[in-house]
**Student:** 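Quick one: the structure is below, questions incoming.
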2 protein chains.
Amino acid sequence: MRTHTAGLARDLEVIEALASAEAFTLGGIGVARVAELTKRDKGQISRVLKTLEATGLVDRDKATRKYSLGHRFYSMSMRTREAHLALQAESRLAELVAQVQETAHLNVLRGGRVLTIKTVVAADAVRRSGWDGVLSNAGITASGRAILAGLTDSEIELWWAEHALDDPLPLLSIDMPEPAEPINPKTRRARRPARSLKQFEKMLQEVRDKGYAISDEFQEGIVDAAAPVRDSSNIVVAAISVGASIERLGDQTDQLGQLVSAAALRLSTDLGAPIIGPA
Amino acid sequence: MRTHTAGLARDLEVIEALASAEAFTLGGIGVARVAELTKRDKGQISRVLKTLEATGLVDRDKATRKYSLGHRFYSMSMRTREAHLALQAESRLAELVAQVQETAHLNVLRGGRVLTIKTVVAADAVRRSGWDGVLSNAGITASGRAILAGLTDSEIELWWAEHALDDPLPLLSIDMPEPAEPINPKTRRARRPARSLKQFEKMLQEVRDKGYAISDEFQEGIVDAAAPVRDSSNIVVAAISVGASIERLGDQTDQLGQLVSAAALRLSTDLGAPIIGPA
DNA sequence: CAATTAGTTGACATATGGACAACCACATTA
DNA sequence: TAATGTGGTTGTCCATATGTCAACTAATTG
């Protein structure tokens, strides 16, 4: 089958290039650089960027002539489900942060990855920059597990088949804050959800039993706790998570889990979820 | 001159269609409807949407098969200047809201319009839904004036020439919450910044003198106050605004202006603006 | 379950984008 | 200030990617 949209696919790479870490940190990149990144003719890129600019999807700095993702992107993004959720979650996350004195996140599952859509930082947090907009591998994060635990066994099998081996990050793509050291094969293996589907399902069963998920594989020295958020149809649409350093947390993992779980339940009822116990 | 990007331009209209109020309120629209909105062949639209989905720029609801703006949109939007500003402004806006007990906004000027990038709602606000992502005509909003007042006379002239007569809203586009009654010519005339450039510049001079801008033309019965936010190069990048109903405000307009102005100054110094008086 | 509507896929003619090159603007250096 | 280099824009020609149309399948409705 011919896709019939080869040109569009190519042009979307231009947008990806502008969303790259490079463009982001430099505050924009020029026509020549985009052409280089996308391996296309600079003349064509010049024209493509011009039409993208006309829609506001990319902005151009008048002085430096460099392009970056545009205001329209921000504007339109407010019309996504993600933005809606983020808005509704804000106050509940703030409550949780006040309770635990740690930064809290709202995450959703998208394909094989977890997307952080809202971060509320604790007052004394070291890193003020949030993870908003960052994609992480789902299987090894507490949030990913919390959400996946809400699926049926057959759905989980399907997910496992499709995504268990997803690479840490897609194509040109948006990278995580600290782009990480050269791929250490050991670390890399650890970044798989579990050895086998069986093992993974067992892990998810534990999550169901407790009502929250735990992960210490995602970031060295950090324990994450996450609990599922349900909507009015009682299906899991997101997860609230909190990460705490191991030493600070001590043996209070369960307490943290309970608090996160309670916050997730409050948000769920905000969203109109039926007020029955977990499940 | 041939644009050489006709196809892309057409395909972008598909995205616009998905950002329309219709798609938004219905929680997604199908292939046929998008084809109708964009006046294109449904076969082609089917293919276009498929490639857009592959990048995550649009999401498809598995059950209903309807498309909507995708998670990648949200993710990428966090890489815009607007998102950065919004993040930094959050706490300052919250302070201001605590002081004045009214909903506060952060706005930027984009072309002839003001884009609201962050809303912090007051506890007792009637409408909980924010204006985030909404575009409004710049000349008649307090924020627009506050920002424009930061430009030089020649820049203002240029702006006036280009945008003074901009239509309320662009093409297919993102509409405002209440799409407004059928265009009343009287209202419509009122929606121009001022009769003449001279008059407009005089208005802006007043803004400079006071340090904040006032507008009562934007929404019936509401007085908006706005003050400019400057970055480390001391150029105006945004405005903080607060709207209060006329009766609630009484004769305290100036006090409100002062508070808004103070909040804007705090945010400016957060952004690294030199700590000199207003301009 | 027939009838209607929504979505997908195939094939051909033609509009469109890629390649290349000339050109402009601006900065850097000799 | 001429010379060189870098980044960006625009024109033209031709291969090819896309629009058109139609047949088809899949879902939805009465």
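No experiment lies behind these values; they were computed from the predicted model shown. Numbered from 1 within each chain, the chains take letters A, B, ... in sequence-line order. Excluded from the calculations below are hydrogen atoms, water molecules and symmetry mates; all remaining heavy atoms, backbone and side chain alike, are included.
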**Student:** Under 4.0 Å between a side-chain N or O of A:Arg40 and OP1 or OP2 of C:dG18?
**Tutor:**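 Yes, A:Arg40 has a side-chain N/O under 4.0 Å of OP1/OP2 on C:dG18.
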**Student:** Can you check the A:Leu49 CG to D:dG8 P distance for me, whole Å?
**Tutor:**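 Rounded to the whole Å, the gap is 9 Å.
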**Student:** Between A:Gly43 and A:Asp11, name the one whose nearest nucleotide on DNA chain C is closer to the 5' end.
**Tutor:**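 Nearer the 5' end of the strand: A:Asp11.
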**Student:** Specify the separation, in whole Å, of atom CG of B:Asp41 and atom C1' of D:dA23.
**Tutor:**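 About 13 Å, once rounded to whole Å.
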**Student:** Enter the distance from A:Lys42:NZ to A:Leu49:CG here, rounded to the nearest 0.5 Å.
**Tutor:**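 Rounded to the nearest 0.5 Å, the NZ-CG separation comes out at 13.5 Å.
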**Student:** Quick one: is C:dA27 close enough that its OP1 or OP2 comes under 4.0 Å of any side-chain N or O from A:Arg65?
**Tutor:**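 Answer is no, no contact under 4.0 Å.
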**Student:** Taking it one step at a time, do B:Glu36 and B:Arg33 satisfy salt bridge (Lys or Arg N to Asp or Glu O under 4.0 Å)?
**Tutor:** CA-CA 5 Å; B:Glu36 212 176 312; B:Arg33 182 64 183 140; 3.1 Å; yes
**Student:** If you compare every side-chain N and O of A:Gln44 against the phosphate oxygens of C:dG17 (OP1, OP2), does one of them come in below 4.0 Å?
**Tutor:**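 No, because none of the side-chain N or O atoms of A:Gln44 sits under 4.0 Å from OP1 or OP2 of C:dG17.
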**Student:** If you pin B:Arg47 and B:Arg10 to their nearest nucleotides in DNA chain C, which one's is more 5'?
**Tutor:**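 Mapping each residue to its closest nucleotide by heavy atoms, the 5'-most match is B:Arg47.
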**Student:** Could you check whether any side-chain N or O of B:Asp11 sits under 3.5 Å from a backbone N or O of B:Val48, counting only pairs where one atom can act as donor and the other as acceptor?
**Tutor:**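 Checking the backbone N and O of B:Val48 against the side chain of B:Asp11, no donor-acceptor pair under 3.5 Å is found.
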**Student:** Measure CG/B:Leu8 against P/D:dA17 and give the value in whole Å, please.
**Tutor:**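 So the CG-P distance, B:Leu8 to D:dA17, works out to 17 Å.
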**Student:** For the backbone of A:Ile140 and the side chain of A:Asn137, can you confirm whether one donor and one acceptor N or O come within less than 3.5 Å of each other?
**Tutor:**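 Flag not set: sc A:Asn137 to bb A:Ile140 has no pair under 3.5 Å.
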**Student:** Measure from NZ on A:Lys42 to C1' on D:dT6 and round the result to the nearest Å.
**Tutor:**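 So the two atoms are 8 Å apart, to the nearest Å.
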**Student:** Roughly, in whole Å, what's the span from CD1 in B:Ile45 to P in D:dC21?
**Tutor:**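 Going from B:Ile45 (CD1) to D:dC21 (P), I get 15 Å.
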**Student:** Looking only at side-chain N and O atoms, does B:Lys50 come under 4.0 Å of OP1 or OP2 in C:dT9?
**Tutor:**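 It does, given that an N or O in the side chain of B:Lys50 lies less than 4.0 Å from OP1 or OP2 of C:dT9.
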**Student:** Would you say B:Ser46 places a side-chain N or O within less than 4.0 Å of OP1 or OP2 belonging to C:dT8?
**Tutor:**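 Yes, such a contact exists.
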**Student:** B:Ala6 has a side chain; which of C:dT8, D:dT20, C:dT16 sits nearest to it?
**Tutor:**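 Among C:dT8, D:dT20, C:dT16, the one nearest the side chain of B:Ala6 is C:dT16.
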**Student:** Under 5.5 Å between ring centres and under 30° between planes: does that hold for A:His4 against the base of D:dT18?
**Tutor:**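 Per 5.5 Å and 30° rule: yes, stacked.
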**Student:** Hey, can you tell me if A:Phe200 and A:Trp160 have their rings parallel, tilted or perpendicular (30° and 60° cut-offs)?
**Tutor:**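 Aromatic pair A:Phe200/A:Trp160 classed tilted.
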**Student:** Tell me the interatomic distance from A:Lys66, atom NZ, to C:dC26, atom P, rounded to whole angstroms.
**Tutor:**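 Taking NZ of A:Lys66 and P of C:dC26, I get 15 Å after rounding.
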**Student:** Between A:Gly7 and A:Arg60, which is nearer to the 5' end of DNA chain D once each is assigned its nearest nucleotide?
**Tutor:**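 Result: A:Arg60.
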**Student:** Specify the separation, in whole Å, of atom CD of A:Glu53 and atom P of D:dT9.
**Tutor:**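 It works out to 9 Å between those atoms.
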**Student:** D:dG7 P sits how many Å from A:Leu37 CG, rounded?
**Tutor:**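 After rounding, the reported distance stands at 13 Å.
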**Student:** Starting from the 5' end of DNA chain D, give me the residue, B:Lys39 or A:Val31, whose nearest nucleotide shows up first.
**Tutor:**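 Nearest-nucleotide comparison on DNA chain D picks A:Val31.
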